[in-house]
Amino acid sequence: MCGRYVLEDIEDISERFKVPPIIGFQRPTFNAAPTQRLPVIFSGGDGSRAVEPLRWGLTPAWRRPDGKGAPALFNARAETVAEKPTFRRLLRAHRCLVPATGFYEWATEGGRKVPHRFMLDDGDLFAFAGLYDPGKGDDADAAFTLLTTRPNDVVSPYHDRMPVILRPDLEDLWLDPDVDEPALLEACYEPYPADQMREHAASTRVNDVRNDDPALLAGDDEGGSPDGANR
DNA sequence: CCAGACGTTGTT
DNA sequence: GTCTGG
DNA sequence: CCAGACGTTGTT
DNA sequence: GTCTGG
């Protein structure tokens with residue numbers, strides 16, 4: 001779950017998350033998908049925060065030689081992330097914020113896969129809880145994954161998992177490099193309050209990752225045929 | 001010690 | 001059916 | 001997550 | 001590469 005998301009307000013990231021301005025490397029996206037490079041915020045070590053584009057989807061080292069043996073890991077279950085060998089080290093020292101303004105989940109309606117867009121009530125930026133692998137130094141191997149948890153009442157009609165969205169007051173904790181005890185992070189995994197989220201049908205053009213434009217956020221019916229009898 | 005898994009989601 | 005690419 | 005490919009040789 | 005299971 002959570003294999004597609006929205007990040008509209010690139011220019012607000014700097015102020016909202018206290019990081020240097022993003023210049024040049026990133027555009028807003030209405031259809032962020034695994035394998036793409038997307039902005040991620042992490043602790044810079046000296047108390048500062050950095051923002052850089054990383055690849056969505058961890059590729060474990062043991063997969064690399066022939067490119068086989070494991071799919072890209074674009075989600076990690078919060079319930080087990082402290083135990084799984086692939087994630088436990090990253091949980092202790094490589095947590096990150098992944099800025100977004102929404103995410104998609106699909107409903108199958110009459111044989112069609114219809115994406116629904118989930119967002120905060122106010123449409124504001126928020127942070128997914130993520131883990132990142134910095135790769136080997138200056139490398140282009142750096143990648144991230146999104147944690148998932150049980151769904152709240154807005155999401156549960158669509159899926160049995162939802163991405164971990166951090167309450168703003170927990171963002172500092174999530175990024176704090178001095179916090180290396182997994183138990184201290186468990187409060188972060190609570191499903192985001194349903195009364196602060198909303199949802200609506202989006203365009204089926206979301207399904208094809210090559211589509212990336214603001215009109216994806218509107219449902220197919222908006223301004224379309226009156227009876228919804230799309231071909 | 002060596003062998004084998006290592007991950008999530010959705011679907012059946 | 002399963003893998004790859006975005 | 002979904003969409004789309006999934007293969008080789010020889011010839012242009 | 002690293003962890004778990006036998």
Side-chain angles (χ1 to χ4, degrees), chain A residues 1-7 25-40 53-94 98 100-119 128-137 139-151 155-165 182 189 191 199 201-213 216-217 220:
Chain A
M1 178 89 161
C2 203
R4 222 62 86 75
Y5 68 84
V6 180
L7 175 56
F25 71 66
Q26 195 72 48
R27 296 178 297 108
T29 175
F30 304 88
N31 205 357
T35 74
Q36 295 176 353
R37 283 167 66 83
L38 296 156
V40 165
L54 305 187
R55 178 185 170 91
W56 184 9
L58 299 177
T59 305
W62 44 266
R63 181 185 194 260
R64 281 171 194 155
D66 56 358
K68 294 184 178 178
L73 307 173
F74 56 86
N75 287 152
R77 295 177 65 90
E79 296 89 337
T80 55
V81 72
E83 303 148 20
K84 298 288 185 183
T86 304
F87 299 128
R88 55 185 300 181
R89 220 179 315 278
L90 299 181
L91 181 69
R92 286 181 176 271
H94 293 284
V98 182
T101 53
F103 63 93
Y104 297 110
E105 302 293 353
W106 276 261
T108 300
E109 300 168 5
R112 305 170 69 214
K113 287 181 177 177
V114 178
H116 286 245
R117 177 204 186 194
F118 296 80
M119 58 194 293
F128 291 124
L131 303 178
Y132 72 100
D133 177 348
K136 307 172 202 141
D139 224 321
D141 288 351
F144 72 96
T145 193
L146 298 182
L147 299 205
T148 64
T149 189
R150 64 187 191 279
V155 178
S156 61
Y158 298 89
H159 276 291
D160 59 0
R161 305 293 296 166
M162 70 178 281
V164 172
I165 295 173
Y189 307 148
E199 163 274 322
S203 169
T204 52
R205 290 193 304 114
V206 170
N207 295 12
D208 190 328
V209 294
R210 291 172 297 189
N211 295 321
D212 186 359
D213 58 79
L216 294 181
L217 303 180
D220 288 341

Please pick, from [options], the nucleotide with the shortest atom-to-atom distance to any side-chain atom of [X].
X         : options                : value
Arg4(A)   : dC6(B), dA3(D), dC1(D) : dC1(D)
Asp208(A) : dA3(D), dC6(B), dC1(D) : dA3(D)
Ala76(A)  : dG6(C), dT8(B), dC3(E) : dT8(B)
Thr35(A)  : dT8(B), dC1(D), dG6(C) : dG6(C)

Using a heavy-atom cut-off of 4.0 Å across all strands, would you classify [X] as base, sugar-phosphate, or nothing?
X         : answer
Phe87(A)  : sugar-phosphate
Pro34(A)  : base
Asp160(A) : sugar-phosphate

Sticking with atom [atom1], work out how far [N] lies from [M], rounded to a whole angstrom.
N       : M      : atom1 : value
dC6(B)  : dG4(D) : P     : 32 Å
dT8(B)  : dC2(D) : C1'   : 15 Å
dG7(D)  : dC3(C) : C1'   : 14 Å
dG10(B) : dA3(D) : P     : 15 Å
dA5(D)  : dA5(B) : C1'   : 29 Å

Completion exercise
Heavy-atom closest pair (Trp56(A) atom, Pro34(A) atom, distance to 0.1 Å) is CE3-N, 3.3 Å
Problem - Minimum heavy-atom distance Leu58(A)-Phe87(A), with the two atoms named - result: CD1-CE2, 3.7 Å
Round to a whole Å and report the spacing from [atom1] of [X] to [atom2] of [N].
X         : N       : atom1 : atom2 : result
Leu58(A)  : dT9(B)  : CG    : C1'   : 16 Å
Trp62(A)  : dG1(E)  : CH2   : P     : 13 Å
Phe30(A)  : dC2(D)  : CZ    : P     : 21 Å
Glu105(A) : dT11(B) : CD    : P     : 12 Å
Phe144(A) : dC1(D)  : CZ    : C1'   : 13 Å
Leu147(A) : dT8(B)  : CG    : C1'   : 12 Å
Arg77(A)  : dT8(B)  : CZ    : C1'   : 8 Å
Trp56(A)  : dC1(D)  : CH2   : C1'   : 7 Å

Problem - Pairing partner of dG1(E) (Watson-Crick or G-U wobble, both distances under 3.5 Å) - result: dC6(B)
Counting just side-chain N and O atoms, does [X] come under 4.0 Å of either OP1 or OP2 of [N]?
X         : N       : result
His159(A) : dG10(B) : yes
Thr148(A) : dT8(B)  : no
Arg88(A)  : dC3(E)  : no
Arg89(A)  : dC3(E)  : yes
Arg210(A) : dG4(D)  : yes

Problem - Atom pair CG/CD of Leu91(A) and Glu83(A) - distance to nearest 0.5 Å - result: 10.5 Å
Handout entry: Heavy-atom side-chain contact between Arg37(A) and Leu54(A) under 4.5 Å
Key = no
Practice task
Please state whether the rings of Phe118(A) and Tyr158(A) are parallel, tilted or perpendicular, taking 30° and 60° as the class boundaries.
Solution key: perpendicular
Practice task
Output yes when a side-chain donor or acceptor of Asn31(A) lies under 3.5 Å from a complementary backbone atom of Val206(A), and no otherwise.
Solution key: yes
